[in-house]
Amino acid sequence: MPDNHFDDSAPRVAVAYHSGFGHTETLAHAVTTGARDAGADVTLIAVDAMSGADWDTLDTADAIVFGTPTYMGNVSAAFQAFAEKTGRRCQEGTWSDKIAAGFTNSGGKSGDKLQTLTSLAVFAAQHHMHWVNLGLVAGWNSSASSPDDLNRLAFFLGAGAQTDVDAGPDRVHGSDARTCAHLGTRVALVTRQLKAGRHAMTAASDPAAASAPAH
């Protein structure tokens, strides 16, 4: 049996988001907390103020969680501007086979958030990334349930949140924040599983390479 030196370092997760009024930023912090609690090394990146180091972080991350408010039934203009700047990375496969996931907030309970999450998933697919869904059943859907349930708005492709348009970021619904934290935890765990699976495949096909010390 090879002496496998599996790179068991913390999964590197980037949370790349745009926030127009602070609500999506609050949710981005919740995603970050959930991923860190699951052992990930997490970097929070505001996509409307990108530095060269931020791009390097995205390029070297194991997973990227995308976040944006839903404006007029889709991602915000600032997030779309960021997405369009990734064209060369898309062509060159820079983010290929990374883990991806997404979250969004709007003023309406539905607010066409599914359209936004679909746009994020398609964006990830164009980069050949592996999309991770929310992994929660619907909450708040019976007489015995509560708006404090996880996934109270019953989104499945990603995390969907709702904040009243006249409410500040400090009034983001607690259930929505916890749902986003759950998403962060799920992304961290799936990313660790993917890394372990890749190592197992390497060990099976090339024991010598698998047993080499990780760098």
Side-chain angles (χ1 to χ4, degrees), residues 2 4-18 28 31-32 34-47 50-68 75 79-104 116-136 155-159 180 182-215:
N4 293 338
H5 294 276
F6 172 43
D7 178 10
D8 196 30
S9 59
R12 293 166 297 181
V13 177
V15 181
Y17 74 95
H18 170 248
V31 173
T32 298
R36 283 184 177 148
D37 286 349
D41 179 3
V42 191
T43 304
L44 202 60
I45 297 173
V47 300
M50 294 280 291
S51 67
D54 290 332
W55 285 110
D56 290 342
T57 296
L58 295 181
D59 293 344
T60 58
D62 298 308
I64 306 175
V65 185
F66 301 111
T68 173
V75 301
F79 188 91
Q80 183 62 25
F82 154 74
E84 292 177 9
K85 291 177 183 177
T86 68
R88 177 167 294 182
R89 286 171 168 81
C90 184
Q91 294 299 316
E92 295 177 351
T94 307
W95 297 354
S96 180
D97 290 330
K98 295 181 187 294
I99 292 292
F103 61 97
T104 187
T116 299
L117 292 172
T118 301
S119 293
L120 294 177
V122 170
F123 172 55
Q126 290 175 331
H127 280 277
H128 303 169
M129 302 172 80
H130 302 298
W131 186 262
V132 173
N133 58 51
L134 182 58
L136 286 172
F155 285 88
F156 302 96
L157 191 59
C180 283
H182 168 86
L183 179 66
T185 297
R186 181 167 167 82
V187 166
L189 294 176
V190 170
T191 304
R192 190 178 293 277
Q193 291 168 350
L194 182 64
K195 291 178 66 177
R198 285 173 175 162
H199 174 72
M201 290 181 65
T202 300
S205 62
D206 188 354
S211 62
H215 296 286

(message) Can you give me the closest heavy-atom contact between Ala124 and Ala100, atom names plus distance?
(response) CB-CB, 3.7 Å
(message) I need the minimum non-hydrogen distance between Phe79 and Ala16, along with the two atoms involved.
(response) CE1-O, 4.0 Å
(request) Give a yes or no answer on whether the side chain of His127 reaches the backbone of Thr94 with a donor-acceptor pair at less than 3.5 Å. (result) no
(message) Quick check: closest heavy atoms across Arg36 and Val42, and the distance to 0.1 Å?
(response) NH2-O, 3.0 Å
(request) Search all heavy atoms of Gly102 against all heavy atoms of Leu183 and return the closest pair with its distance. (result) O-CD2, 3.3 Å
(request) Nearest 0.5 Å please: distance from the CZ atom of Phe82 over to the CE atom of Met50. (result) 5.5 Å
(request) Measure the spacing between OG1 of Thr116 and CZ of Phe155 and express it to the nearest 0.5 Å. (result) 9.0 Å
(request) Please answer whether the main-chain N or O of Ile64 pairs with a side-chain N or O of Lys98 as donor and acceptor at a distance below 3.5 Å. (result) no
(message) If I take atom CG from residue Leu189 and atom CD1 from residue Ile99, how far apart are they, to the nearest 0.5 angstrom?
(response) 11.5 Å
(request) Determine the minimum heavy-atom distance between Gly39 and Pro11, stating which atoms define it. (result) O-CD, 3.8 Å
(message) I want to check something: taking the side chain as every heavy atom from C-beta on, are Leu134 and Phe103 in contact at a cut-off of under 4.5 Å?
(response) no
(message) So, using salt bridge (charged side-chain N to carboxylate O under 4.0 Å, His left out) as the criterion, who are the partners of Asp97 when residues are at least two apart?
(response) none
(request) Using a 4.5 Å cut-off on heavy atoms from C-beta on, say whether the side chain of Trp131 contacts that of Leu157. (result) yes
(message) Tell me the closest heavy-atom pair linking Thr191 and Ala63, and the distance in Å.
(response) OG1-CB, 3.4 Å
(request) For Thr57 and Asp54, test the side chains for any donor-to-acceptor distance below 3.5 angstrom and give the result as yes or no. (result) no
(request) Could I get the full list of salt bridge (charged side-chain N to carboxylate O under 4.0 Å, His left out) partners for Arg12, not counting sequence neighbours? (result) Asp62
(message) Whether the side chain of Thr104 engages the backbone of Thr68 through a donor-acceptor N/O pair (distance < 3.5 Å, no angle test) should be reported.
(response) yes
(request) Nearest 0.5 Å please: distance from the CG atom of Leu117 over to the CZ atom of Phe156. (result) 12.0 Å
(request) Would you give the length of the straight line joining atom NE2 of His130 to atom OG of Ser96, rounded to the nearest 0.5 angstrom? (result) 7.0 Å
(request) Have a look at Arg88 and tell me which of Glu92, Lys85, Gln91 forms a side chain to side chain contact (heavy atoms under 4.5 Å, CB included) with it. (result) Glu92
(request) Find the distance between CD (Glu84) and CZ (Phe123) and round it off to the nearest 0.5 Å. (result) 10.0 Å
(message) Just to verify, what does Arg89 make a salt bridge (charged side-chain N to carboxylate O under 4.0 Å, His left out) with, not counting sequence neighbours?
(response) Asp59
(request) Please work out whether the ring planes of Trp55 and Trp95 are parallel, tilted or perpendicular, with thresholds of 30° and 60°. (result) parallel
